[in-house]
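On a predicted model such as this, the values are computed, not experimentally measured, just so you know. One-based numbering, in listed order, for ligands and for the atoms of each.
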Amino acid sequence: MGEAPAFVVDDLLQNQDGFDSKSKGCKITTTIGDKTYVIGGENDESTLSLEVQIFDEATGNWATPIVLGAKPSSCKGLSAVSLNDDRILIVKKGSTPDDCIWFLEVDTWFVREQKKIQGTDVVAWSKGARGYAEKPVVISGPSGVGKGTLISMLMKEFPSMFGFSVSHTTRAPRCMEKDGVHYHFTERSVMEKDLKDGKFLEHALVHGNLYGTSIEAVEVVTDTGKRCILDIDVQGARSVKASSLEAIFIFICPPSMEELETRLRSRGTETEEQILKRLQNAKKEMEQGQSSGIFDHILYNDNLDECYESLKKLLGLDGAAAATLRSAPQGIDLPADHSVSKMDNKIIINCGTAELKKASKNLIVLDVSSLKGGAPGRTRGLDVYAIDSFSDGLNGINQPS
Ligand SMILES: Nc1nc2c(ncn2[C@@H]2O[C@H](COP(=O)(O)OP(=O)(O)O)[C@@H](O)[C@H]2O)c(=O)[nH]1
Ligand SMILES: Nc1ncnc2c1ncn2[C@@H]1O[C@H](COP(=O)(O)OP(=O)(O)O)[C@@H](O)[C@H]1O
């Protein structure tokens, strides 16, 4: 339990209507229900770190929660607004355009689940990203069915469109596999610690080894504007389905178990013992893949070229527009000097800069009505535009520039 900073107690005694966050010194407080979240901590003279403490009004106690997700870097100041009582939108002052909007999730589905697992207070950071990235693609299927082959074909034909989520695994590398490219080959103790620290979107024990998708593995792909491909087993697909990562789920089936065995053996990467284990697990995976309701599409990989064409078709890549280059998602350019308020689903950022005033655009609006995703991972769907507060008033909000 933490010590209550004196000024925060003062703040807690005052109530403001409408705008629910207050700042004092280097910290900001936001009250949701019985709990007040105190965000910020002095780093040095000019920067703040984003520590989190919780004051529970019902018990009068202070708590330092477990903080999941990649934490925002230090900044020069903060503004905060609570959204839907389950997350706090944070605007970091004086930060780069792609790093100024963050969400501290305090009661989202993910946080509630983590609270149950950890048995204590949990909050989770999620970085805000403008616009939408196309849904990630989850590909599952038994060992040797051709998942890797199909994914390689897709990445070769559409290198600017797809990026591979590089998983962590405790299994040993095969002779052609490169660390950081095919997998992050990891010591079991290291991976277990990272799992405990909440760095993974999902993980599973497969064929006797740990495999997992780190949050970062998905984010590094999505941040480049590419569509993320995950090659994971059925257990992992189930976890992703339950998470905030909205994805397309595809299960690949072999034409027969005999053919699956032939492919596994001819690949020549496993020992006899490993092959037998994979074949045994394949039966279970086939049953789950076809009956669990997780998968949106089931493809049969009999003839490779035909299966690849079907895969492209269901990803919308069979037309002329298929090779269109995707651009990276844009950041949000906020000046250091600004104040923040809230109106329904719109966050109004008043930018007092001379440059913006000259251009008659001194209010920036963040429309948060269509947020998608969230911890673990990015919060997408932020719509951002500038308006002229003097001539349009706030009625001008519906005039995106
Ligand atoms: N849950 C989960 N499964 C994974 C992950 N990465 C790989 N797998 C699955 O682990 C299984 C074994 O993969 P691998 O050792 O590369 O063997 P292969 O499938 O025979 O090529 C496959 O079903 C993969 O889809 C991951 O990050 N999470
Ligand atoms: N349709 C297919 N017909 C014949 N061989 C295939 C086909 N698809 C993949 N293969 C071969 O089967 C083996 C296993 O494929 P791979 O992509 O490594 O499977 P997975 O990633 O699902 O374990 C590889 O040697 C690959 O070249």
Side-chain angles (χ1 to χ4, degrees), residues 136-156 164-179 181-186 191 194-195 199-218 221 228-243 245 247 249-271 273-286 288-289 294-295 299-311 376:
V137 183
V138 170
I139 298 190
S140 294
S143 183
V145 74
K147 301 179 298 295
T149 308
L150 289 162
I151 292 170
S152 300
M153 290 166 84
L154 209 51
M155 306 245 317
K156 198 169 167 203
F164 186 61
S165 158
V166 181
S167 293
H168 283 63
T169 183
T170 58
R171 86 149 159 76
R174 295 172 186 151
C175 62
M176 298 301 285
E177 284 180 332
K178 289 201 185 88
D179 189 28
V181 176
H182 298 93
Y183 281 104
H184 297 288
F185 295 100
T186 314
M191 190 156 167
D194 287 348
L195 284 168
K199 293 188 180 165
F200 282 79
L201 176 66
E202 63 76 32
H203 71 280
L205 193 64
V206 193
H207 315 316
N209 284 299
L210 264 183
Y211 291 80
T213 308
S214 71
I215 294 162
E216 200 186 341
V218 176
V221 174
C228 188
I229 305 184
L230 291 83
D231 173 347
I232 59 176
D233 86 318
V234 177
Q235 307 168 75
R238 183 176 287 114
S239 304
V240 173
K241 187 98 178 180
S243 79
L245 191 81
F249 294 81
I250 301 169
F251 189 79
I252 316 281
C253 283
S256 66
M257 293 309 272
E258 292 72 31
E259 172 65 13
L260 186 71
E261 182 166 355
T262 307
R263 287 183 196 173
L264 254 185
R265 289 189 182 285
S266 61
R267 189 171 72 185
T269 49
E270 270 76 30
T271 63
E273 194 190 347
Q274 287 164 339
I275 288 173
L276 293 177
K277 188 178 259 183
R278 276 157 198 266
L279 288 172
Q280 208 173 13
N281 291 340
K283 289 188 195 130
K284 219 166 32 189
E285 286 175 290
M286 294 284 289
Q288 290 176 349
I294 299 171
F295 295 94
L299 290 180
Y300 285 86
N301 183 16
D302 189 354
N303 177 291
L304 182 61
D305 290 335
E306 282 174 19
C307 184
Y308 180 58
E309 285 309 312
S310 305
L311 176 63

K.L.:
So, for M257 and L279, which heavy atoms are closest and what is the spacing to 0.1 Å?
P.N.:
CE-O, 4.2 Å
K.L.:
Would you check the N or O atoms of S167, main chain and side chain alike, for any that come under 3.5 Å of an N or O of ligand 1?
P.N.:
yes
K.L.:
If you measure from atom 1 (N) of ligand 1 to every heavy atom of T149, D231, D233, I232, which option wins on shortest distance?
P.N.:
D233
K.L.:
Can you give me the closest heavy-atom contact between D194 and F200, atom names plus distance?
P.N.:
CB-CE1, 3.5 Å
K.L.:
For atom 20 (O) of ligand 1, find the nearest protein heavy atom and state the residue, atom name and distance (0.1 Å precision).
P.N.:
S143 OG, 2.4 Å
K.L.:
Please report which non-hydrogen protein atom sits nearest to atom 19 (O) of ligand 2, along with the residue it belongs to and the distance in Å to one decimal place.
P.N.:
G146 N, 3.1 Å
K.L.:
Inspect the contact between K277 and E273 and indicate whether a charged nitrogen and a carboxylate oxygen are less than 4.0 angstrom apart.
P.N.:
no
K.L.:
Taking side chain as C-beta onward, heavy atoms only, is D231 less than 4.5 Å from F164?
P.N.:
yes
K.L.:
Checking the N or O distance criterion of under 3.5 Å, is ligand 1 in contact with E177?
P.N.:
no
K.L.:
With a 4.0 Å cut-off on heavy atoms, is R238 in contact with ligand 1?
P.N.:
no
K.L.:
Using heavy atoms and a threshold below 4.0 Å, how should the contact between L264 and ligand 2 be classified: side chain, backbone, both, or neither?
P.N.:
neither
K.L.:
Main chain of P142, side chain of K147: is a donor-acceptor contact present, judged purely on distance under 3.5 Å?
P.N.:
yes
K.L.:
Tell me which protein heavy atom sits closest to atom 18 (O) of ligand 2, plus the residue, atom name and distance to 0.1 Å.
P.N.:
R267 NH1, 2.8 Å
K.L.:
Do the side chain of Y308 and the main chain of M153 share a donor and acceptor less than 3.5 angstrom apart?
P.N.:
yes
K.L.:
Which ligand 2 atoms, with their elements, are less than 4.0 angstrom from a heavy-atom of D302?
P.N.:
1 (N), 2 (C), 3 (N)
K.L.:
In the protein, what heavy atom is nearest to atom 14 (C) of ligand 2, and what distance, to one decimal place, separates them?
P.N.:
G144 O, 3.5 Å
K.L.:
Which of the numbered atoms in ligand 1 are below 4.0 angstrom from a heavy atom of V206?
P.N.:
10 (O), 11 (C)
K.L.:
Counting only heavy atoms, which portion of P142 has something under 4.0 Å from ligand 2: side chain, backbone, both, or neither?
P.N.:
backbone
K.L.:
If we set the cut-off at 4.0 Å for heavy atoms, which region of K147 has an atom near ligand 1: side chain, backbone, both, or neither?
P.N.:
side chain
K.L.:
Quick one: look up the protein heavy atom nearest atom 16 (P) of ligand 2 and list residue, atom name and how far away it is.
P.N.:
T149 OG1, 3.5 Å
K.L.:
For E270 and R174: C-alpha separation, side-chain torsions, deciding distance, then whether salt bridge (charged side-chain N to carboxylate O under 4.0 Å, His left out) applies.
P.N.:
CA-CA 9 Å; E270 270 76 30; R174 295 172 186 151; 2.7 Å; yes
K.L.:
What's the shortest heavy-atom distance between L260 and S143, and which atoms?
P.N.:
CD1-O, 3.3 Å
K.L.:
Quick one: are V145 and E285 in side-chain contact, heavy atoms under 4.5 Å?
P.N.:
no
K.L.:
To check your reading of the model: name the closest protein heavy atom to atom 3 (N) of ligand 2, its residue, and the distance in Å.
P.N.:
R263 NH2, 3.3 Å
K.L.:
What atoms of ligand 1 come within less than 4.0 Å of a heavy atom belonging to G236?
P.N.:
1 (N)
K.L.:
Closer than 4.0 Å to some heavy atom of G148 - which atoms of ligand 2 meet that?
P.N.:
17 (O), 20 (P), 21 (O)
K.L.:
If the cut-off is 4.0 Å to any non-hydrogen atom of A204, which atoms of ligand 1 fall inside it?
P.N.:
1 (N)
K.L.:
Do any nitrogen or oxygen atoms of H203 come within less than 3.5 Å of a nitrogen or oxygen of ligand 1?
P.N.:
no
K.L.:
Using non-hydrogen atoms of the residue, decide whether R171 is closer than 4.0 angstrom to ligand 1.
P.N.:
yes
K.L.:
With a cut-off of 4.0 Å, which atoms of ligand 1 are near a heavy atom of R267?
P.N.:
18 (P), 20 (O), 21 (O)
K.L.:
Between E202 and ligand 1, which part of the residue brings a heavy atom under 4.0 Å of the ligand: side chain, backbone, both or neither?
P.N.:
side chain
K.L.:
Any chance the side chains of R267 and T269 put a donor and an acceptor closer than 3.5 Å?
P.N.:
yes
K.L.:
With the side chain counted from C-beta on, respond yes when L230 and E202 share a heavy-atom pair under 4.5 Å apart, and no when they do not.
P.N.:
no
K.L.:
Should L195 and L210 be marked as a side chain to side chain contact (heavy atoms under 4.5 Å, CB included) after you check the CA-CA gap, both sets of side-chain angles, and the distance that decides it?
P.N.:
CA-CA 11 Å; L195 284 168; L210 264 183; 4.2 Å; yes
K.L.:
Within the 4.0 Å heavy-atom shell around G212, which atoms of ligand 1 are there?
P.N.:
26 (C), 27 (O), 28 (N)
K.L.:
So is R278 touching ligand 1 or not, going by heavy atoms under 4.0 Å?
P.N.:
yes
K.L.:
What are the two closest non-hydrogen atoms of N301 and R263, and how far apart are they?
P.N.:
O-NH2, 2.9 Å
K.L.:
Evaluate K147 for polar contact with ligand 2, using N/O atom pairs at a separation under 3.5 Å.
P.N.:
yes
K.L.:
Could you tell me whether some N/O pair between D231 and ligand 2 is separated by less than 3.5 angstrom?
P.N.:
no
K.L.:
For atom 12 (C) of ligand 1, find the nearest protein heavy atom and state the residue, atom name and distance (0.1 Å precision).
P.N.:
Y211 OH, 3.6 Å
K.L.:
Just need the protein heavy atom nearest to atom 13 (O) of ligand 1, so name the residue and atom and give the distance.
P.N.:
Y183 OH, 3.3 Å
K.L.:
Specify whether H184 and H168 have parallel, tilted or perpendicular ring planes, treating 30° as the upper limit for parallel and 60° as the lower limit for perpendicular.
P.N.:
tilted
K.L.:
Looking at I294 and K241, what are the two nearest heavy atoms and their distance?
P.N.:
O-NZ, 2.8 Å
K.L.:
To check your reading of the model: name the closest protein heavy atom to atom 8 (N) of ligand 2, its residue, and the distance in Å.
P.N.:
N301 ND2, 3.1 Å
K.L.:
Taking all non-hydrogen atoms of both residues into account, name the closest pair between F251 and M286 and its distance.
P.N.:
CZ-CA, 4.0 Å
K.L.:
Could you tell me, atom by atom, which parts of ligand 2 come under 4.0 Å of a heavy atom of S143?
P.N.:
23 (O)
K.L.:
Is there a side-chain contact between L150 and I139 (heavy atoms, below 4.5 Å)?
P.N.:
no
